[in-house]
Amino acid sequence: MWLRNPADTAHEPDETVDPAAARRMINEVLSTAHEGRDLTTDECRALLATYDIALWDTLAVATLDEALAAGEQLGWEDVVLKATHERLRNRPDLAHVWRNIDSPAEMETAWSTLTEIITEAESAGFVVQKTAPPGVPVAITTLEDPLFGPVVSFSISGPLTELLADKSYRIPPLSSQDAADMVREIKSSPLLFGYRGSEVVDVTEAERLITQVARLQHDLPQVRSLELALVQVGAEGAAVLNARVRVEPVVDPRSDWFVRRLTTPIGDTLPN
């Protein structure tokens with residue numbers, strides 16, 4: 001099957017990508033956090049921007065007053081209040097999200113309702129955002145595996161995908177064919193291509209995001225994990241609604257990015 005595919009080379013960085021700026025930023029973080037840490041939202045935004053990935057405006061809030069101020073800053077134009085903690089994200093009942101907030105009174109109602117539903121609301125990680133355009137939610141993640149090195153995954157975002165493990169995986173560097181295959185080989189891929197009369201989404205943009213995330217992980221082994229858990233892919237473009245990035249010092253530098261193979265010939269491991 002691999003031989004039947006047209007020849008393709010991995011993407012080369014272009015003028016929209018600035019690996020040097022990304023390295024400077026990560027080195028600055030690790031200069032004070034010697035064991036590594038999770039990046040803040042602003043740091044995630046800056047890191048992703050060096051690889052031409054725009055993170056949706058997100059305002060973290062811890063009190064009702066902060067939520068009201070965030071709604072004011074966003075212009076009270078169809079904003080969303082939601083909890084982002086790992087234990088609450090992707091709840092099937094969507095009890096962690098309140099949409100279509102257009103006034104201070106509606107924000108007060110949303111805040112009081114969500115803080116009653118969610119236990120330990122102080123650790124829920126509430127944020128205020130503008131509502132994203134309609135589309136299909138997808139997830140793009142990476143991690144630095146101790147055996148394989150960088151690994152990239154793609155899936156439709158949500159609890160069903162997690163339960164059924166409906167994900168595609170690749171090891172960077174990726175070609176454009178790799179990104180296209182990742183989008184199409186998951187079982188839920190018809191959702192992206194007009195399933196049951198729905199609108200066909202901008203698959204090209206989804207493939208571009210996969211490629212850029214793979215480039216970032218390939219270039220920066222200090223990125224221990226990167227998670228774009230909710231990317232809303234619409235008919236035109238995509239909105240990256242949240243991001244989580246953890247950076248750690250490199251203990252075992254990669255030496256074989258161009259080829260990864262068993263260190264012992266397989267024949268030597270077979271019994272006589």
Side-chain angles (χ1 to χ4, degrees), residues 13 16-62 66-67 70 73-74 80-90 96 122-130 132 137-146 148-155 157 172-174 206 208-232 238-254:
T16 66
V17 175
D18 191 352
R23 290 190 189 96
R24 286 194 298 270
M25 176 189 165
I26 291 176
N27 289 337
E28 183 176 344
V29 170
L30 294 177
S31 67
T32 56
H34 303 297
E35 300 299 321
R37 65 171 173 84
D38 293 340
L39 299 186
T40 66
T41 299
D42 288 339
E43 289 170 340
C44 287
R45 178 176 289 104
L47 178 64
L48 293 174
T50 62
Y51 280 78
D52 196 25
I53 301 172
L55 181 60
W56 201 250
D57 286 338
T58 302
L59 302 175
V61 297
E66 292 180 2
Q73 183 176 335
L74 295 176
V80 175
L81 174 68
K82 66 180 181 181
T84 59
H85 192 277
E86 181 69 28
R87 63 186 169 85
L88 300 169
R89 260 197 347 250
N90 294 329
H96 66 300
E122 65 279 359
S123 63
F126 283 112
V127 299
V128 176
Q129 296 177 311
K130 283 190 174 181
V138 304
I140 304 170
T141 65
T142 70
L143 60 84
E144 190 73 15
D145 186 271
F148 296 107
V151 180
V152 183
S153 74
F154 173 81
S155 66
S157 183
L174 302 189
R208 187 192 74 85
L209 287 174
I210 293 172
T211 301
Q212 297 299 82
V213 168
R215 285 177 176 173
L216 188 155
Q217 186 67 60
H218 175 65
D219 293 343
L220 306 170
Q222 302 94 330
V223 175
R224 181 59 55 185
S225 63
L226 185 155
E227 181 179 3
L228 306 184
L230 185 57
V231 180
Q232 196 81 353
V240 181
L241 299 185
N242 59 37
R244 297 178 64 190
V245 180
R246 180 168 182 82
V247 296
E248 295 180 3
V250 176
V251 178
D252 185 15
R254 305 176 195 151

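The figures here come from the full heavy-atom set of this structure, side chains too, leaving out hydrogens, waters and symmetry mates.
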For [X], enumerate each residue passing the side chain to side chain contact (heavy atoms under 4.5 Å, CB included) test, keeping only those at least two apart in sequence or located in another chain.
| X | value |
| --- | --- |
| Ala21 | Asp18, Arg24, Thr50 |
| Glu66 | Val61, Ala62, Thr63 |
| Ser155 | Ala139, Thr161, Lys167 |
| Asp52 | Thr16, Arg208, Gln212 |

Taking only residues two or more places apart in sequence or in another chain, which ones pass salt bridge (Lys or Arg N to Asp or Glu O under 4.0 Å) with Glu248?
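Here the qualifying residues are Arg224, Arg246.
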Mind checking the [atom1]-[atom2] spacing from [X] to [Y]? Nearest 0.5 Å is all I need.
| X | Y | atom1 | atom2 | answer |
| --- | --- | --- | --- | --- |
| Ser31 | Ile26 | OG | CD1 | 12.0 Å |
| Arg23 | Leu30 | CZ | CG | 13.5 Å |
| Thr142 | Leu220 | OG1 | CG | 9.5 Å |
| Thr58 | Gln129 | OG1 | CD | 3.5 Å |
| Leu216 | Leu48 | CG | CG | 7.0 Å |
| Leu59 | Thr41 | CG | OG1 | 9.5 Å |

Between [X] and [Y], is any pair of side-chain heavy atoms under 4.5 Å apart?
| X | Y | result |
| --- | --- | --- |
| Val80 | Val128 | no |
| Val231 | Leu241 | no |
| Asn242 | Glu227 | no |
| Val17 | Pro19 | yes |
| Val247 | Leu39 | yes |

Pair Ser153, Thr141: side-chain N/O donor-acceptor within cut-off below 3.5 Å:
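Yes, Thr141 and Ser153 have a side-chain donor paired with an acceptor closer than 3.5 Å.
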Any chance you could lay out the side-chain contact (heavy atoms from CB on, under 4.5 Å) test for Lys82 and Phe126, step after step, and finish with the verdict?
CA-CA 5 Å; Lys82 66 180 181 181; Phe126 283 112; over 6 Å; no
Report the C-alpha separation of Glu43 and Arg37 in whole Å, then their side-chain angles, then the decisive distance to 0.1 Å, and conclude whether the salt bridge (charged side-chain N to carboxylate O under 4.0 Å, His left out) test is met.
CA-CA 12 Å; Glu43 289 170 340; Arg37 65 171 173 84; 2.8 Å; yes
Given Phe154, which partner from the list Ile210, Val213, Leu228 fulfils the side chain to side chain contact (heavy atoms under 4.5 Å, CB included) test?
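Considering Ile210, Val213, Leu228, a side chain to side chain contact (heavy atoms under 4.5 Å, CB included) with Phe154 is found only for Ile210.
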Sequence neighbours left out, what passes side-chain hydrogen bond (donor to acceptor under 3.5 Å, both in side chains) with Gln222? Give chain and number order.
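With neighbours one apart ignored, the set is empty.
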